[in-house]
Amino acid sequence: MIFSKKHVMYESEHTKFISELKKQNPHLDAGQVAGRALLWDKEPVSLDEQARTQESRLRQQAYPYQTKV
């Protein structure tokens, strides 16, 4: 496959925008890492904790708005 210099040096408008945004806001990457840690990077839950959580759940009736007769 033959690439010309023109294609190898190509940078899309989106890539240019992101590069400029990161140059203007160097703290942006740290904010992304902090957000990911807040929502996704959690400590593993032990098997005992999982079992305790499962046992403590209350069963919900199939249709919660129906009164019990």
Side-chain angles (χ1 to χ4, degrees):
M1 196 175 240
I2 300 174
F3 293 105
S4 67
K5 278 190 172 184
K6 184 177 173 182
H7 294 293
V8 173
M9 300 302 292
Y10 174 75
E11 190 174 14
S12 72
E13 293 295 321
H14 292 73
T15 304
K16 289 178 186 177
F17 172 76
I18 296 296
S19 298
E20 285 297 316
L21 185 66
K22 287 185 177 184
K23 284 180 190 174
Q24 293 171 2
N25 302 316
H27 64 281
L28 198 62
D29 286 332
Q32 279 185 309
V33 170
R36 177 191 163 101
L38 180 67
L39 297 175
W40 297 103
D41 298 338
K42 304 283 184 188
E43 291 293 321
V45 179
S46 70
L47 294 176
D48 292 334
E49 183 69 27
Q50 288 179 12
R52 198 173 22 237
T53 302
Q54 190 68 23
E55 290 171 1
S56 66
R57 286 202 172 123
L58 295 175
R59 301 227 355 118
Q60 183 177 353
Q61 57 185 1
Y63 187 71
Y65 301 108
Q66 181 178 356
T67 57
K68 294 180 181 178
V69 181

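All residue numbers in this chain count up from 1 along the given sequence.
Residue L21 shares its hydrophobic cluster (ILVMFWY side chains chained together at separations under 4.5 Å) with F17, I18, L28. Residue Y65 belongs to a hydrophobic cluster whose other members are Y63, with links defined by side-chain heavy atoms closer than 4.5 Å.
The line from NE2 of H27 to CD of Q32 is 11.0 Å long, rounded to the nearest 0.5 Å.
Listed by first and then second residue, the salt bridge (Lys or Arg N to Asp or Glu O under 4.0 Å) pairs that reach into residues 34-43 are R36-D41, sequence neighbours excluded. Judged as a salt bridge (Lys or Arg N to Asp or Glu O under 4.0 Å), the pairs with a partner in residues 51-66 (not counting sequence neighbours) are, in order, E49-R52. Judged as a ring pair (Phe, Tyr, Trp, His ring centres under 6.0 Å), not a single pair has a partner in residues 38-62 (not counting sequence neighbours).
For the side chain to side chain donor-acceptor pair (under 3.5 Å) test, residues two or more places apart in sequence or in another chain that qualify with S12 are T15.
The two residues Q50 and V45 make their nearest non-hydrogen contact at NE2-O, 3.4 Å. Minimum heavy-atom separation, K16 to E11: CE-O, 3.3 Å. Among all heavy-atom pairs drawn from Q61 and Q66, the shortest one is NE2-O, 3.2 Å.
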